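Computed from a predicted model, the values in this text were never measured in an experiment.
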Amino acid sequence: MLSKQFINQVKQATDMVKLAKQYTELKLVGEGIWQGVCPHPDHKDDTPSFTVWENTQSWACMGCHSGKKDIKHKNYGSDCIAFIQWIEGMKWREAVLHLAKEAGI
């Protein structure tokens with residue numbers, strides 16, 4: 001079992017913009033708002049439908065609707081852990097440990 005403290009430490013040590021930039025080119029389009037082509041291999045995107053919000057350290061793709069937090073997808077999440085699960089096909093625990101290793105935790 002991973003403690004909440006450990007999980008929060010991993011999230012705080014992971015910058016969502018830097019993480020997403022490892023998978024796609026992002027451009028600053030507003031105050032703390034970055035956009036680019038969706039990096040997911042199952043989404044053949046040719047427009048900048050992928051967005052990262054720096055201030056909330058969250059992300060979503062408006063094209064394939066991944067990463068959104070709404071009533072329908074309220075448990076999906078849009079944080080760095082959900083991103084790694086989504087982009088790398090990892091299970092939740094594996095994604096947390098991967099990010100912890102990347103952050104040197």
Tell me whether [X] contacts the main-chain N or O of [Y] through its side chain, where contact means a donor paired with an acceptor under 3.5 Å.
X     : Y     : value
Gln12 : Gln9  : no
Trp59 : Ser78 : yes
Gln35 : Thr51 : no
Thr24 : Val37 : yes

With sequence neighbours excluded, give me every salt bridge (Lys or Arg N to Asp or Glu O under 4.0 Å) pair touching residues 8-32.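 Passing the test, one end in residues 8-32: Lys11-Asp79.
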Is there a side-chain contact between Asn55 and Ile33 in this structure, where contact means two heavy atoms from C-beta onward sitting under 4.5 Å apart?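 They are not in contact (no side-chain heavy atoms under 4.5 Å apart), so the answer is no.
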Kindly give the heavy-atom pair with the smallest separation between Ala20 and Phe83, and that separation in Å.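 Looking at all heavy atoms of both residues, the closest pair is CA-CZ, 4.0 Å.
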Measure the spacing between CZ of Phe6 and CE of Met1 and express it to the nearest 0.5 Å.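 Here the interatomic distance stands at 13.0 Å.
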If I take atom SG from residue Cys38 and atom CE from residue Met62, how far apart are they, to the nearest 0.5 angstrom?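 It is 11.0 Å, given to the nearest 0.5 Å.
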Side chain to side chain contact (heavy atoms under 4.5 Å, CB included) between Val29 and Trp34, worked out: CA-CA 6 Å; Val29 297; Trp34 297 79; over 6 Å; no
Going by atom type alone, with no hydrogens or angles, which donor-acceptor pairs under 3.5 Å involve a side-chain atom of residues 87-105 and a protein atom two or more places apart or on another chain?
{"residue": "Glu88", "atom": "OE2", "partner": "Tyr23", "partner atom": "OH", "Å": "2.7"}
{"residue": "Glu94", "atom": "OE1", "partner": "Lys91", "partner atom": "N", "Å": "3.4"}

Between Met16 and Ile7, is there a shared hydrophobic cluster once you connect ILVMFWY residues whose side-chain heavy atoms come closer than 4.5 Å?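 Yes: a chain of side-chain contacts under 4.5 Å links Met16 to Ile7.
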Give the ring-plane orientation class for Trp86 versus Phe50, where under 30° counts as parallel, over 60° as perpendicular and anything between as tilted.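 Ring orientation of Trp86 relative to Phe50: parallel.
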